S.K.: 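Quick one: the structure is below, and I'll ask about it shortly.
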Amino acid sequence: MSEAKINEVKSDIDEINELLKLAKRKKVQDLLSVELRKLETEWINLRDSASSSATPMEVSPVPTTSAAAQEKRYQVKLNGYGWDQSDKYVKVFVTLKNVHNLPKEQVYCKLTEKSMELVVENLENKDYTLLIKKLLEPINIEESHWKQKTDMVVIFLAKLTPNTKWSHMTEIEKKSEDQRNNRFKTNDLDKKDPQESIMSLMKNMYETGDDDMKRMISKAWYEGQQKKKTDTLDL
């Protein structure tokens, strides 16, 4: 999990706390508090995930087909990788100690236009796989390739449309960031009326929230309108 995502969620938490200080009505304070708890839970989960990234893999034993060896091979699902891009390629970097010692036929990729799967067979009695689904853009399978380097495999995914910049590796990562940005898209509090900032945030919460959240926001809005009418009549 990238440090950027953790910092982004932390910034959202800080902004909600600022809005809580400005909110005067209890219903609005309650709504902001609910959203704050959700963000704090997400931040904790991201932080815990990042702290365990030193071992980004799931290991489960599977028996080898070799009866003579009487050993167990382990199927290892890799979760961690790095990536970079040039005008022509998206490069995926997978670190595996001693992978350069394997024969080339034991290191290969299964590619489609929108996915890649790296397979490393029998590296120190383990089989490794890395699957990346729903790539952000389609790739040119024929021009894609991979190389074994010292303790690393580099996969060169050829862009189907060269000279286009990928903002994210996958569609899911882009969608997740877009949703987070839309949910808390507010203008600078110093340049905008605080109450208007709160209303803008509540509108975003209503549009992206579940049924319970929408009911709470609708109730708070209705009660606020009724109070305005009562105050006008009192005058």
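In this chain, residues are counted from 1 in sequence order. Nothing here was measured: the structure is a model prediction, and the numbers come from that model.
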S.K.: With rounding to the nearest 0.5 angstrom, report the CG to NZ distance, L157 to K88.
M.R.: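 Here the rounded value is 13.0 Å.
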S.K.: Looking only at heavy atoms, which two atoms of V94 and I155 are closest? And how far apart?
M.R.: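 Between these two residues, the closest heavy atoms are CG2-CD1, 4.0 Å.
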S.K.: Can you measure from CG (N79) to CG (L131) and round to the nearest 0.5 angstrom?
M.R.: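 Between N79 CG and L131 CG, I get 10.5 Å after rounding to 0.5 Å.
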S.K.: Let me confirm one number: the CE-CH2 distance from M116 to W146, rounded to the nearest 0.5 Å.
M.R.: 9.5 Å
S.K.: Quick one: is the NZ or CZ of K159 closer than 6.0 Å to the six-membered ring centre of Y89, and within 45° of its axis?
M.R.: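 No; the conditions do not both hold, so K159 does not lie above the ring face of Y89.
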S.K.: Could you pull out every donor-acceptor pair under 3.5 Å between side chains of residues 164-172 and any protein atom, sequence neighbours left out?
M.R.:
{"residue": "T164", "atom": "OG1", "partner": "T161", "partner atom": "O", "Å": "2.7"}
{"residue": "H168", "atom": "NE2", "partner": "E177", "partner atom": "OE1", "Å": "2.9"}
{"residue": "T170", "atom": "OG1", "partner": "E173", "partner atom": "N", "Å": "3.2"}
{"residue": "E171", "atom": "OE2", "partner": "K114", "partner atom": "NZ", "Å": "2.8"}

S.K.: So which heavy atom on D151 is nearest to which on N98, and how close?
M.R.: OD1-N, 2.7 Å
S.K.: Test E15 against N17 for side-chain contact (heavy atoms from CB on, under 4.5 Å), laying out the working first.
M.R.: CA-CA 5 Å; E15 186 164 329; N17 280 319; over 6 Å; no
S.K.: Just so I know, are the side chains of V153 and L118 near enough to count as touching, which here means a heavy-atom distance under 4.5 Å?
M.R.: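 V153 reaches L118 side chain to side chain.
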S.K.: If every non-hydrogen atom of I139 is compared with every non-hydrogen atom of S144, which pair is closest and at what distance?
M.R.: CD1-OG, 4.3 Å
S.K.: How many angstroms lie between CG in L22 and CD in E18, if you round to the nearest 0.5 Å?
M.R.: 7.0 Å
S.K.: Could you walk me through whether L19 and V28 pass the side-chain contact (heavy atoms from CB on, under 4.5 Å) check?
M.R.: CA-CA 10 Å; L19 290 172; V28 175; over 6 Å; no
S.K.: Run the side-chain contact (heavy atoms from CB on, under 4.5 Å) check on E117 and L130 step by step: do they pass?
M.R.: CA-CA 5 Å; E117 182 178 16; L130 170 67; over 6 Å; no
S.K.: List the atom pairs, with distances to 0.1 Å, where a side-chain N or O of residues 104-111 and a protein N or O form a donor-acceptor pair under 3.5 Å, not counting sequence neighbours.
M.R.:
{"residue": "Q106", "atom": "NE2", "partner": "E121", "partner atom": "O", "Å": "2.7"}
{"residue": "Y108", "atom": "OH", "partner": "E121", "partner atom": "OE2", "Å": "2.9"}

S.K.: Go through the steps to decide whether W83 and K91 satisfy the test side-chain contact (heavy atoms from CB on, under 4.5 Å), and finish with yes or no.
M.R.: CA-CA 5 Å; W83 72 284; K91 293 170 279 188; over 6 Å; no
S.K.: Find out whether V154 and K149 are in side-chain contact, i.e. whether some heavy atom of one side chain is under 4.5 Å from a heavy atom of the other.
M.R.: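 Yes, their side chains come closer than 4.5 Å.
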S.K.: Under 4.0 Å between a side-chain nitrogen and a carboxylate oxygen: does that hold for D127 and R73?
M.R.: yes
S.K.: Taking atom CD of Q148 and atom CG of L96, what is their separation to the nearest 0.5 Å?
M.R.: 10.5 Å
S.K.: Donor-acceptor check, side chain of N140 to backbone of E143, threshold 3.5 angstrom: yes or no?
M.R.: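 Yes, N140 side chain to E143 backbone: donor-acceptor pair under 3.5 Å.
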